[in-house]
Amino acid sequence: MKPIPFMAACITMLAGAAAMADVSVRDVVRDLQSQGYVDIEVEREGGRISVEARKRGQEREVTYDSVTGRILRDETSRYGGMVRERVEVDFDDRERGDSRGDRGGDLSDRGDNRSHRDDDRDDRDDDRDDRDDDRDDRDDDRDDRDDDRDDRDDDRDDRDDDRDDRDDDRDDRDDDDDHDDDD
């Protein structure tokens with residue numbers, strides 16, 4: 001019988017699970033930075049850690065259970081907005097006293113980061129709106145060029161019609177002259 005190795009294995013597994021169970025914001029940020037994400041927003045509220053991370057061309061939204069470490073949601077999408085090198089962390093007021101150890105030198109606590117995040121989102125929305133406006137302006141310019149081309153074609157047709165009218169008038173006068181000569 002070898003009960004000691006079995007107990008040692010159980011203790012090791014439980015210790016590993018306990019180490020994974022307490023997810024720190026610092027570990028989450030470091031993991032995302034190691035994947036190349038540089039624009040990271042972290043919000044810890046209740047038993048969840050929600051993260052929005054961006055790198056050139058890609059945005060990722062991940063929600064962790066801060067107690068078990070389990071990923072509750074992980075979505076990646078294309079991102080065409082501005083990417084800045086920054087990390088913002090926001091803690092629920094109920095957890096603020098307990099979570100201070102999670103912040104490292106590269107994490108900032110600027111009081112209420114929600115207003116900063118809202119400003120950043122507004123800036124991204126403004127950038128997106130500006131790009132849409134630029135696209136609309138280009139479409140309008142293209143339409144204006146097409147209208148100008150159509151106007152030139154109409155002018156050309158008008159000149160051709162005027163020329164045909166003058167030719168018809170000339171032919172009519174010639175016909176009248178021919179009839180007058182016959183008389």
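Numbers here are sequence positions counted from 1. Everything quoted here is computed from the prediction, not taken from an experiment.
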K.L.:
Report yes if the side chains of Gln33 and Val87 come closer than 4.5 Å at any heavy-atom pair, otherwise no.
P.N.:
yes
K.L.:
Show the numbers, then the answer: is there a side-chain contact (heavy atoms from CB on, under 4.5 Å) between Val51 and Glu41?
P.N.:
CA-CA 6 Å; Val51 181; Glu41 296 176 30; over 6 Å; no
K.L.:
For the pair Val25 and Ile49, evaluate side-chain contact (heavy atoms from CB on, under 4.5 Å) and give the outcome as yes or no after the intermediate values.
P.N.:
CA-CA 8 Å; Val25 171; Ile49 298 174; 4.2 Å; yes
K.L.:
Are Glu61 and Arg73 ion-paired here, with the side-chain N under 4.0 Å from a carboxylate O?
P.N.:
yes
K.L.:
Just how far is it from atom OG of Ser50 to atom CD of Glu43, taken to the nearest 0.5 Å?
P.N.:
6.0 Å
K.L.:
Give, for atom CG of Leu32 and atom CG of Asp39, the distance between the pair rounded to the nearest 0.5 Å.
P.N.:
11.5 Å
K.L.:
Please round to the nearest 0.5 Å and tell me the distance separating atom OH of Tyr37 and atom CD of Gln58.
P.N.:
3.5 Å
K.L.:
Given Arg48, which partner from the list Asp65, Leu72, Val67 fulfils the side chain to side chain contact (heavy atoms under 4.5 Å, CB included) test?
P.N.:
Leu72
K.L.:
Going by salt bridge (Lys or Arg N to Asp or Glu O under 4.0 Å), name the residues that satisfy it together with Arg60, two or more places apart in sequence or in a different chain.
P.N.:
Asp74
K.L.:
For Arg142, give me all partners under salt bridge (Lys or Arg N to Asp or Glu O under 4.0 Å), at least two apart in sequence or on another chain.
P.N.:
Asp139
K.L.:
Any side-chain heavy atom of Arg78 within less than 4.5 Å of one from Glu59?
P.N.:
no
K.L.:
To the closest 0.5 Å, what do you measure between CZ (Arg159) and CG (Asp164)?
P.N.:
13.0 Å
K.L.:
Return yes if some donor-acceptor pair links the side-chain N/O of Ser66 with the main-chain N/O of Gly47 below 3.5 Å, else return no.
P.N.:
yes
K.L.:
Nearest 0.5 Å, please: how far is NZ in Lys55 from OG1 in Thr76?
P.N.:
8.5 Å
K.L.:
Looking at side-chain heavy atoms only, is the closest gap between Ile71 and Val62 below 4.5 Å?
P.N.:
yes
K.L.:
Would you compute the distance between atom CG of Asp169 and atom CG of Asp165 and round it to the nearest 0.5 angstrom?
P.N.:
6.5 Å
K.L.:
Write down the atom of Tyr79, the atom of Arg54, and the distance for their closest heavy-atom approach.
P.N.:
CZ-CD, 3.3 Å
